[in-house]
Protein chains: 2
Amino acid sequence: MQFSKSTDYALHALIHLAQSERRNNIGIKELCATLGVSESYLSKIMSKLRQDGIVRAVPGVNGGYELARPAGEITFLEVIQVIEGRQQLFECSNLDSQQHRLLAEDRAARQDQDCQGQSECLVKKVMDGAERQLHQYLREYTIQSVLDAASKECNHALNKK
Amino acid sequence: MQFSKSTDYALHALIHLAQSERRNNIGIKELCATLGVSESYLSKIMSKLRQDGIVRAVPGVNGGYELARPAGEITFLEVIQVIEGRQQLFECSNLDSQQHRLLAEDRAARQDQDCQGQSECLVKKVMDGAERQLHQYLREYTIQSVLDAASKECNHALNKK
DNA sequence: ATCATTATGGACCTATGATATCCATTATAA
DNA sequence: TTATAATGGATATCATAGGTCCATAATGAT
């Protein structure tokens, strides 16, 4: 279980766009030179980011990409979900297996109305909790926060001089 | 990015073993009937769990599997790592890209001794933090805790009657 | 000792998705 | 009108997940 390279590229591309905010329309050529990745591959990724409203793109002379929103409003979670998709981290296969059927029957036999309906697998419950934790964390970091961290390091160094 | 089916199978198999603790040596036939998965595939998974000391296996008549340790000492994290491997959730490709080189040069130019050595990518720093969060969460849940949750539900129902 | 039983590990297969390239087309500004 | 730059479709390659089959080894029962 790993994040794809595309996610890596997407995040770094967005950081570069954020760093170059005064200039608008950064071309794919500059982006792929900066990231060290092929033009054709990176444009697929940029295309996805555009379709999800994270960047704007303009073709033609002096065209290129720019952030569609302030860098502080683009979270890591959002970027990751655009690239990786929005499937759940964990899906319980064989919900009709004997193990699950027994648990469900238990619940049914007990006629516990509170438990009806939440026939979810207990393993999945734990894993869904893990996913929630992860999402909560990734929502707290934005493209801007990375830029801030970089300049904070820089200021720290300057103060020492 | 998703957990594999194998992780699903492994967790459910371990829960079944834990539920059947008094009987020892649960055969692969019983396990795969319970989980609804093929014998040949599940045995690969069980073999991994054995190699990592999570279950014990004994061949021959009346042989089978049993937990190698108390269910309360087998964490979700451990099981997941055995099955999924221990690679990092995020690896930064192109550490020699222009973007990374510039950051590194900045640090070097500043001659900030505190920052030397930690030339790590700022994106990776965030993602490593996410991984730590996830691991911390998954370490808190064990095979036993799932069993406890199930019986707690059961008691809750009995008290209402 | 032999035999039936059960786990093990190697070889193999297939499907899927990640990674990647190429090109024809479309949209834009100069 | 033209050069430029993004877009999307088709395609290729490779690694991994998911899965099967079989020969072998180990074990308890007879």
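None of these values were measured; they are calculated from a predicted model. Note that these values count all heavy atoms, side chains included, but never hydrogens, waters or copies made by symmetry. Letters A, B, ... are given to chains in the order of the sequence lines, protein chains preceding strands, and every chain is numbered from 1.
Between the CD1 atom of B/Ile28 and the C1' atom of D/dT20 there is a distance of 14 Å, rounded to whole Å. To the nearest angstrom, C1' of D/dA5 lies 12 Å from CG of A/Leu31. For B/Ile45 and D/dG19, the CD1 to P distance is 9 Å, given to the nearest whole Å. Here the C1' atom of nucleotide C/dG9 and the OH atom of B/Tyr41 are 16 Å apart, to the nearest Å. Between the C1' atom of C/dA27 and the CG atom of A/Asn25 lies a distance of 13 Å, rounded to the nearest Å. Computed from coordinates, the B/Asp8 CG to D/dG18 C1' distance equals 13 Å when rounded to whole Å. Atom CD in B/Glu91 sits roughly 15 Å away from atom C1' in C/dT19 (whole-Å rounding). A straight line from CG of B/Leu42 to C1' of D/dG18 spans 13 Å, rounded to a whole angstrom.
Minimum atom distance to the side chain of A/Val61 is reached by C/dA29, of the listed C/dT6, D/dT7, C/dA29. Which of C/dT28, C/dA18, D/dT7 sits closest to the side chain of A/Pro59 comes down to C/dT28. Listed nucleotides: D/dA29, C/dA29, D/dG18. Nearest to the side chain of B/Asn62: D/dA29.
For A/Lys5 and B/Arg50, each mapped to the nucleotide of DNA chain C holding its nearest heavy atom, the one lying further toward the 5' end belongs to B/Arg50. Each of B/Ile83 and B/Gly60 was matched to the nucleotide of DNA chain D holding its nearest heavy atom; the match closer to the 5' end belongs to B/Ile83. Positionally, the nearest nucleotide of DNA chain D for A/Ile26 lies more toward the 5' end than for the other of A/Ile26 and A/Met1.
Heavy atoms of A/Tyr9 sit under 4.0 angstrom from primed sugar atoms or phosphate atoms, though from no base atom. Residue A/Gln51 is classed as a sugar-phosphate contact, given heavy-atom separations below 4.0 Å to backbone atoms only. B/Ser40 comes within 4.0 angstrom of a nucleotide base, judged by non-hydrogen atoms across all strands. B/Ser38 comes within 4.0 angstrom of sugar-phosphate atoms only, judged by non-hydrogen atoms across all strands, and of no base.
Residue B/Lys48 places no side-chain atom within donor-acceptor reach of the base of C/dG9, judged by atom type and a 3.5 Å distance cut-off alone. Side chain B/Lys44 to base C/dG10: a donor-acceptor pair is found below 3.5 Å.
In this structure, A/Ser6 reaches the C/dT19 phosphate: one of its side-chain N or O atoms is under 4.0 Å from OP1 or OP2. Close to C/dT6, at under 4.0 Å from its OP1 or OP2, lies no side-chain N or O of B/Ser43.
Put simply, CZ on A/Arg86 and CG on A/Leu77 are 8.0 Å apart, with the number rounded to the nearest 0.5 Å. With rounding to the nearest 0.5 angstrom, the CG atom of B/Leu14 is 11.5 Å from the OH atom of B/Tyr65.
The side-chain heavy atoms of A/Asn62 and A/Asn25, taken from C-beta on, include no pair separated by under 4.5 Å.
The local environment of CD in A/Gln51 is crowded, with over 12 non-hydrogen atoms from other residues, nucleotides or ligands closer than 6.0 Å.
Among A/Val82, A/Ile83, A/Val79, the single residue meeting the side chain to side chain contact (heavy atoms under 4.5 Å, CB included) criterion with A/Asp52 is A/Val82.
A/Ser4 and A/Tyr9 are not linked by any side-chain donor-acceptor pair at a separation below 3.5 angstrom, with hydrogens and angles left out of the test.
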